[in-house]
Number of protein chains: 2
Amino acid sequence: MSDVARLAGVSIKTVSRVVNDEAGVHPATAERVLAAIERLGFRRNLSARNLRRGSSTGTLGVILEDVGNPFYSVLTRAVEEVARTQGRQVLTGSSDEDPGRERELALEFCARRVDGLIVVPAGMQHGYLVPEMQAGMPVVFVDRPAGDVVADTVLVDNIGGTADAVKHLAAQGHQRIAFFGDAPDIFTASERLRGFREGCARSGVRYGEDLVFMGPHTEAGVAELLERALGGPEPATAVVSGNNRITVHMLRALYGRPARPALVGFDDFELADLLNPPISVVQHDASMLGRAAAELLFARLEGDSSPPRRVVLPTRLVARGSGEVHP
Amino acid sequence: MSDVARLAGVSIKTVSRVVNDEAGVHPATAERVLAAIERLGFRRNLSARNLRRGSSTGTLGVILEDVGNPFYSVLTRAVEEVARTQGRQVLTGSSDEDPGRERELALEFCARRVDGLIVVPAGMQHGYLVPEMQAGMPVVFVDRPAGDVVADTVLVDNIGGTADAVKHLAAQGHQRIAFFGDAPDIFTASERLRGFREGCARSGVRYGEDLVFMGPHTEAGVAELLERALGGPEPATAVVSGNNRITVHMLRALYGRPARPALVGFDDFELADLLNPPISVVQHDASMLGRAAAELLFARLEGDSSPPRRVVLPTRLVARGSGEVHP
DNA sequence: CGCCCCGATGACAACGTTGTCTGGTTCCGG
DNA sequence: CCGGAACCAGACAACGTTGTCATCGGGGCG
């Protein structure tokens, strides 16, 4: 900036005035300054500007499990979209479900003075965020609630969605329904299991521990447990899958098998409608999750200080016909 | 920081020494300072630190078409992974193929003094980056080359990949092969078309303008053109699709049709192997693209000043059997 | 002609840090 | 008992900006 000032024969303050479009600069002077800026390729340093003005940094931190996962990347995109209307940039970080990593990222973002944090919690301990939140950093948790702080949270209706899946299957006569889910210490997994159980109760389906399988996360693991669910004296005739990774593993395990159980998966995925048979799913909108979270965050930034809110977004059962396939 | 200093009864410099783990602070003093930091929830301001030290901001800018697109989100993840080993954070922005938006994002990132830029070009004019690059900002272009600057670029072998697809189809006896691609002003689209043409020449397949369809980007558009390709006196018996969006549109258009043309798609996609018939694809690795770009960038940051490089990553034809389905 | 006001510009401090240098103890060896 | 190292701690400036206030002409008005 001082280089520009020297070249234009003015003081740096005048340069500042020009780059900020402040009134009260003689057009001819402004001309000279602009020419100097152009010639030197000057670009003002936003960090210094924000430091001096005490204004926000214009950035948002987003912490999630894996940016590479389509579900989260769509969420990120939605956040970015909202941030853009506010002229803000988005910093992302993947925690890989590691609470330590999540914490590290969050504190790093705080040190960068992001205006707010959107977090898909990896662990159950978020006490480390308390000082930041007290200092005024708005934090919104998405997809799962925080462990031990009260804060704005956006969730999907895991229980209702899974119960709907059971209802859908029961309506088609299935009485032996298996459930495959993530490890039960993951919030969404235990909620969906609860929804499964409630759905069974509501739809008059006998619920049995022997048909609940939590935690397999490899294709081989899913295949093995599936074998167990479909064997035995009273085999399952239908399966509810707790998330799209498991659904896909399951599809591979079932591929080429003559008689397949009916299958309803939580989470939609591309091409589900083109498979044979098409897969029914409990659909929920990652994009809407992201938008809701971002909007909640911006409301806080604009001074909303009402008590923390918990938003639960609905799910939608998309029946694609797989349910009708009886073994 | 001055609050901490006051509470601990020391000068702010001593606080600085403690937070930076500098030697020469009495253990008892350090103890007091740490207690004060803890009590006040102090977190040092990284912007101010970087400003004062003149060091890098520890951030990278990534500009691509759409973070929500699985291809780019995997790329982003790979960049993040490399950045992490260097203790750097990633700022992302989606250009939506709008050159103006790309420029806006790039300049904004530069004003934030990111350490480097990874760009999937939206347009063909990148002259606006010249001053930044001269000022030492390393820029790596990914997936498509820059319009009018020479810089490091990472591409995939669009021509070879598409030619392979033609070869694969020709080897199975197809003589009438159609090509569906993006609008020809998109670099990858025109390259793949060129690969298609070269593949035809090399494999002895007659190339005809009447079987080339560039630019459809809706399902209806693809369906209509497909109708044309598969009708007429000399219908196509096989189709090469220029990217995975088109492949998916095509699959929907073909769904339920009794006789389907053989299909090879550029870009792999999840579940391609579970469709009936499974879809053969020209596979290329978004993750590798991202990693290569990030590594190139970091090499520049470490002072590598060799002439700009152009890296072309290979593609791999994954034959899944769709090619063998003759109409 | 003198006064005041206004338009244009600059000097200086401050944002939150850290590098440099200096001041003040303490402790050791001579 | 003194010189000087070793150790601690603070004062001050600077990073690149911008807010505040002061300065300096010139023109309009009484």
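Chain identifiers are assigned alphabetically (A, B, ...) following the order of the sequence lines, protein sequences preceding nucleic acid strands; residue numbering begins at 1 within each chain.
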#### Entry: Nearest-angstrom distance from the residue atom CE of B:Met1 to P of C:dA14
17 Å
### Query
Side-chain donor or acceptor of A:Arg49 under 3.5 Å from a matching atom on the base of D:dT17?
no
### Summary
Taking C:dT18, C:dT9, D:dA9 as options, the one with an atom nearest any side-chain atom of B:Arg17 is D:dA9
### Query
A:Ser2 near the nucleic acid: base, sugar-phosphate alone, or nothing, with a heavy-atom cut-off under 4.0 Å?
nothing
### Task
Measure from the side-chain heavy atoms of B:Val10 and tell me the nearest of D:dA13, D:dG10, C:dT9.
D:dG10
### Task
By nearest nucleotide on DNA chain C, pick out whichever of A:Gly9 and B:Arg52 is the more 5' one.
A:Gly9
### Task
Give a yes/no on whether any side-chain N or O of B:Ser47 is located under 4.0 angstrom from OP1 or OP2 of C:dG16.
no
### Message
Please compare B:Gly24 and B:Ala48 by the position of their nearest nucleotide in DNA chain D and report the one closer to 5'.
### Response
B:Gly24
### Between A:Asn50 and A:Thr57, a side-chain donor and acceptor under 3.5 Å
no
### Which nucleotide in C:dT9, D:dA9, D:dT17 has an atom nearest any side-chain atom of B:Thr14
D:dA9
### Query
Tell me: CZ of A:Arg113 to P of C:dC15, nearest whole Å?
14 Å
### Query
Rounded to the nearest Å, what distance is computed from the CD atom of residue B:Glu31 to the P atom of nucleotide D:dA9?
13 Å
### Query
How many Å lie between CZ on A:Arg112 and P on C:dT17, as a whole number?
14 Å
### Message
Checking A:Asn45 against A:Arg52: is there a side-chain donor and acceptor pair closer than 3.5 Å?
### Response
no
### Task
Would you kindly give the CG-to-P distance between B:Asn50 and C:dG19, to the nearest whole Å?
12 Å
### Task
Decide yes or no on side chain to side chain donor-acceptor pair (under 3.5 Å) for A:Asp304 and A:Ser306, but give the supporting numbers first.
CA-CA 6 Å; A:Asp304 176 358; A:Ser306 53; 2.7 Å; yes
### Message
Counting only side-chain nitrogens and oxygens, does B:Ser16 get under 4.0 Å of the OP1 or OP2 atom of C:dT18?
### Response
yes
### Message
Between B:Arg53 and B:Lys13, which residue's closest nucleotide on DNA chain D lies nearer the 5′ terminus?
### Response
B:Lys13
### Task
Just compare D:dG16, D:dC15, D:dT18 and give me whichever is closest to any side-chain atom of A:Leu51.
D:dG16
Could you pull out all donor-acceptor pairs under 3.5 Å where a side-chain atom in residues 28-42 of chain B meets a protein atom, sequence neighbours excluded?
unit_1: B:Arg32; atom_1: NE; unit_2: B:Ala8; atom_2: O; d: 3.0
unit_1: B:Arg32; atom_1: NH2; unit_2: B:Ala8; atom_2: O; d: 3.2

### Atom pair distance, as rounded to whole Å: CD in A:Glu22 and C1' in D:dG19
9 Å
#### Entry: Between D:dC12 (C1') and B:Ile12 (CD1): distance, integer Å
10 Å
### Message
For A:Val149, is there any backbone N or O sitting under 3.5 Å from a side-chain donor or acceptor partner on A:His126?
### Response
no
## Note on the structure
In whole angstroms, the gap separating P of D:dG19 from CZ of A:Arg44 amounts to 10 Å
